[in-house]
Amino acid sequence: MTAIRLYNTRTRSKEAFEPFDARNVRMYVCGPTVYDRAHLGNARPVVVFDTLFRLLRHVYGEGHVTYVRNFTDVDDKINATALSRQEAGAPGTLEELIHQRTEETIGWYHADMDALGALRPTKEPRATEYIGAMIAMIEGLIESGHAYEVSGHVLFDVRSYPEYGRLSGRSVDDMIAGARVEVAPYKRDPMDFVLWKPSDASLPGWESPWGRGRPGWHIECSAMSYELLGASFDIHGGGIDLQFPHHENEVAQSCCAHPGSDFARVWMHNEMLLVEGKKMSKSLGNFFTVRELLEQGYPGEVIRFVMLSTHYRKPMDWTAEKAREAEAVLRHWRALAADAEPTGPDAELVEALADDLNGAGAMARLHVLAKAIAANPQKDCFYEKGVFLASARLLGLLEAGMGDWAEGVDLSALAAKLADLRNAAMVSKDFAPVDALKSALIAAGVEVRMSKAGVELVPGAGFDPAKLEGL
Ligand SMILES: [Zn+2]
């Protein structure tokens, strides 16, 4: 069996991955708060952990991996959006408008992430379906002295958990000094965080031992991962921006609620995303959603390709130049593998992925495989193409359903024209028209292969279909 090694944020080292149960490898990844379209930065953890999901399925078997990613559908931003719709005259109660908004956003999220070739997780729980489990967990934390109730709020007492801060490597006192903490008179310590808060009549709420209210954000993931994966599971993932305070708080809640459990054995964090070298922000005008990119004509497969080309623990820079290159390479690869049947993935590529999910290394290996096939135009390469296609698909690329964007460029008519010109030139001995067409094709990035058997045209790495016009 392939030996997987993963960098564990908790221990700050790369470790051999050993699941609790190889028949059911369990992974939890924090999902989106569903109040708006996902932006490009939100897509990075989706692609990263989808690739890990694919690797785990490859190693342990498709039916032996459980991947849970939640939807946060109770949040003040969702309430605010619904409230502004109601104020604008939208019909329906606030609850109905909230429901509409979350349903709509979940639909968008699925469509956008499907377009990036991400497999749907095994389970996608919604926070509102687990309120009872959250209340039970909070009650347990109060009983064991890790949480306290003050005027309708329940807070986690960080000083009751000496390990608090271990995941992110800071002490509570450092955190207070460095963080913008919400000062509230009811908190025993400024770092104490909300498990439950009261809702007034204008907000969604559930009955609880502390009155009508709603859960804090952090408790959701602790309750849902416990319900669906158990007190100890294998991998917990998310963006580096969630490490503190969200993941730190998840650890504190879960370990105090289930003493003796590991909660997540391996913690994985992907680095942030940049756009043209800068942090994405609305004020810089470089902020965009996945949907906006798709509508601008960037295929989802191209976005995925660019994301995979950078190691997940390094900042990833999205540039228009990288996207152009990715598009040309993918066209070329699709043409190379057009008649292939996937067999098994290349061992070296699997090894790269198994080494702390080295996507950049795996992509480099795909380039090597593609070059070897392209260098042998006369050879059938049937076996090599099958390995190449299976390897690309392990990374979520060159899937049958993702290639519509690359179609529509049929080079067969131009190949026939070039063959006719060559036949005519054999008689007339005037090869100028043949050379002219050949040069124009090469200038458009087409690889021209002429042999006794015929003429073959393959889109090359710099292929630009616009330059074929008029040929
Ligand atoms: Zn979470």
Side-chain angles (χ1 to χ4, degrees), residues 1-5 17 25 47-48 50-65 116-119 299-312 325-407 411 446-447 449 451 453 456-463:
M1 187 179 278
T2 308
I4 299 179
R5 290 170 63 77
F17 175 66
V25 181
V47 171
V48 165
D50 176 64
T51 309
L52 179 57
F53 183 38
R54 287 168 183 270
L55 173 69
L56 294 171
R57 282 158 52 106
H58 173 69
V59 173
Y60 294 96
E62 274 192 20
H64 298 287
V65 185
L116 301 183
L119 300 171
E301 190 176 28
V302 166
I303 300 173
R304 184 179 184 97
F305 182 110
V306 173
M307 289 199 170
L308 285 174
S309 301
T310 300
H311 195 286
Y312 78 95
E325 283 169 18
E327 194 173 323
V329 172
L330 279 168
R331 273 187 202 283
H332 176 54
W333 286 2
R334 281 198 168 271
L336 275 186
D339 55 351
E341 283 299 324
T343 52
D346 172 66
E348 257 184 66
L349 180 136
V350 174
E351 219 171 273
L353 273 188
D355 179 15
D356 192 28
L357 203 63
N358 183 0
M363 291 296 283
R365 183 65 189 154
L366 271 190
H367 282 279
V368 170
L369 295 174
K371 262 191 196 142
I373 295 168
N376 281 306
Q378 309 305 338
K379 214 173 119 200
D380 193 357
C381 289
F382 183 75
Y383 175 75
E384 289 82 354
K385 283 182 181 180
V387 171
F388 172 67
L389 185 56
S391 305
R393 289 194 176 165
L394 181 60
L395 294 170
L397 298 169
L398 307 191
E399 295 283 4
M402 283 183 84
D404 292 352
W405 67 274
E407 282 169 15
L411 297 174
V446 177
E447 285 177 23
R449 297 167 185 172
S451 67
E456 197 187 352
L457 302 180
V458 180
F463 180 57

**Basic-acidic side-chain contact under 4.0 Å: Glu327, Arg304** = no

**Prompt:** Would Asn358 and Leu353 count as a side-chain contact (heavy atoms from CB on, under 4.5 Å) if you check the C-alpha gap in whole Å, the side-chain angles of each, and the deciding distance to 0.1 Å?
**Reply:** CA-CA 5 Å; Asn358 183 0; Leu353 273 188; over 6 Å; no

**Item:** Taking every non-hydrogen atom, the tightest pair across Leu116 and Gly300
**Value:** CD2-O, 3.8 Å

**Request:** Would you check if there is a donor-acceptor pair between the side chains of Asp356 and Tyr312 at a distance under 3.5 Å?
**Result:** yes

**Asked** What closest approach, in Å, do Ser309 and Met363 show between heavy atoms, and which atom pair accounts for it?
**Response** OG-CE, 3.8 Å

**Request:** Could you walk me through whether Arg54 and Glu399 pass salt bridge (charged side-chain N to carboxylate O under 4.0 Å, His left out), step by step?
**Result:** CA-CA 13 Å; Arg54 287 168 183 270; Glu399 295 283 4; 3.3 Å; yes

**Request:** Could you pull out the closest heavy-atom pair between Val306 and Ala326, with the gap in Å?
**Result:** CG2-CB, 3.9 Å

**Request:** Could you tell me how the ring of His367 sits relative to the ring of Trp333: parallel (under 30°), tilted (30 to 60°) or perpendicular (over 60°)?
**Result:** perpendicular

**Message:** side-chain contact (heavy atoms from CB on, under 4.5 Å), that's the test. Do Glu301 and Leu398 meet it? Break it down for me.
**Reply:** CA-CA 8 Å; Glu301 190 176 28; Leu398 307 191; 3.8 Å; yes

**Request:** Please report the C-alpha distance between Val350 and His58 in whole Å, then the side-chain angles of each, then the deciding distance to 0.1 Å, and finally whether the side-chain contact (heavy atoms from CB on, under 4.5 Å) criterion is met.
**Result:** CA-CA 9 Å; Val350 174; His58 173 69; 4.0 Å; yes

**Request:** Please answer whether the main-chain N or O of Leu395 pairs with a side-chain N or O of Thr51 as donor and acceptor at a distance below 3.5 Å.
**Result:** no

**Prompt:** Could Arg57 and Tyr60 be counted as a cation-pi pair, given that NZ or CZ must be under 6.0 Å from the ring centre and within 45° of the axis?
**Reply:** no

**Prompt:** Would you call Glu351-Arg5 a salt bridge at under 4.0 Å N-O?
**Reply:** no

